[in-house]
Structure formats: structure tokens, C-alpha cells
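All figures in this text were calculated on a predicted structure; none of them were measured in a lab. Order of the sequence lines sets the chain letters (A, B, ...), proteins ahead of strands, with each chain counted from 1.
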Amino acid sequence: MSLPRNPTEKQRNFFQEVHEVVRLVPTGRVTTYGAIAHYLGARHGARMVGWAMMAAHTADAYVPAHRVVNRNGLLTGRQHYTSPTAMQEALEAEGIRVEEDQVVDFKRLFWDPATELE
DNA sequence: CTTCTGACTGAAA
DNA sequence: GTTTCAGCCAGAA
């Protein structure tokens, strides 16, 4: 799997939708790929959200991708960072404790856009 | 056209 | 608690 070298207009919109939601995540809180997919209408699978997150690295605006984890609270995207510990350090800098690549008290820190934004 | 893969998820065993 | 499986959409070979 690889990124499109020349993103089309449609792809750009898709990335913007996902990135916009991620930017809404408050500091010190986290959300999941599935929650974002559900908020966007579940028209695409959670995999597509993860795919869009990969593009966050090359996005124009900053995207706090470290606040997006999988449903288990695991930092599955850490391998895509410049360093394998960058994601965890970014979370800890916001007061989120991470142990064994997993967000501590994930259930309490979880921020669901579909619920919080209503 | 088919096939495979992926920063995923939910159900089933 | 675990492992396994089948959907899921987009893109590349």
C-alpha cells in the first residue's frame, strides 16, 4: 500500500474531512479510527481513516495524529512516526499516561466526536 | 479485469 | 481474558 503521488481533489477532500475531526480532539484526550469513521457517517471503513492519517504526515495543516489510536487504545501508528517513541512522548506531554504502547485509562480519556459534538 | 494490502472493527469460538 | 474471521474502501500491480 502506498500514497498517491499526486492527490486528486477528491482525495484531498477526504483527507480534510478526517484531519478536521482529528483537530477537534481536545488536548489530553484521545479518539479512535472507528469513532471518526462513524462521525463522518460510516461511509468508509475505519481502515480508510487510518489511511487518511498516514497522509496527515504530509498534510498542510498540523494534525494531532498521536491522539488517534485504535479501539484498544493501542498506539498502532507509532511505527509511522519519525521515531518509534515520538507518539508516546507526544501523548505523555499532554498528560496522557502510556504503558506497553497502550493508553492508560483509555475509556475515560476517549473522546467521541459523534457524542461530544452531538 | 483480478488480487492483495492496510495507522481497523465487531462478532464468534 | 485469548485468537480467528469476515467485512470494510481505496489504490497499486
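B:dA7 and C:dA13 are spaced 23 Å apart, taking the C1' atom of each and rounding to whole Å.
Classified by interplanar angle (parallel below 30°, tilted 30° to 60°, perpendicular above 60°), the ring pair A:Phe110/A:Phe106 is tilted.
Checking B:dA7, B:dT9, C:dC9 against every side-chain atom of A:His80, the shortest atom distance belongs to B:dA7. Considering only the side chain of A:Met48, C:dC9 comes nearest among B:dC8, C:dC9, B:dG10. Considering only the side chain of A:Thr32, B:dT9 comes nearest among B:dA7, C:dC9, B:dT9. When each of B:dG6, B:dA7, C:dA10 is scored by its nearest atom to the side-chain atoms of A:Trp51, the top-ranked nucleotide is C:dA10.
Atom CZ of A:Arg47 and atom C1' of C:dG11 are 14 Å apart (whole Å). A:Met54 places its CE atom 14 Å from the P atom of C:dA10, with the value rounded to the nearest Å. The distance between atom CD1 of A:Ile36 and atom P of C:dC9, rounded to the nearest whole Å, is 17 Å. For the pair A:His44 NE2 and C:dC8 C1', the computed distance is 11 Å after rounding to whole Å. For the pair A:Asn72 CG and B:dA11 C1', the interatomic distance rounds to 14 Å; values are reported in whole Å. Rounded to an integer number of Å, the gap from A:Met53 CE to C:dC9 P is 20 Å. If you measure from atom CD of A:Gln102 to atom P of B:dA7, you get 19 Å, rounded to the nearest angstrom. Taking atom CG of residue A:Asn70 and atom P of nucleotide C:dC8, one finds them 21 Å apart after rounding to whole Å.
Of the possible donor and acceptor atoms, one in the side chain of A:Arg67 sits under 3.5 Å from a partner among the backbone N and O of A:Val25.
With a cut-off of 3.5 Å on both Watson-Crick or G-U wobble distances, the partner of B:dA7 is given as none.
Annotation: A:Arg97, atom CZ; neighbour count of heavy atoms from other residues, nucleotides and ligands within 6.0 Å does not exceed 12.
Scanning both residues, A:Ala65 and A:Met53, for their nearest heavy atoms gives CB-CE, 3.4 Å.
If you check every strand for non-hydrogen atoms under 4.0 Å, A:Ala37 touches nothing.
A:Phe14 is listed as a side-chain neighbour of A:Met48, based on a closest heavy-atom distance under 4.5 Å.
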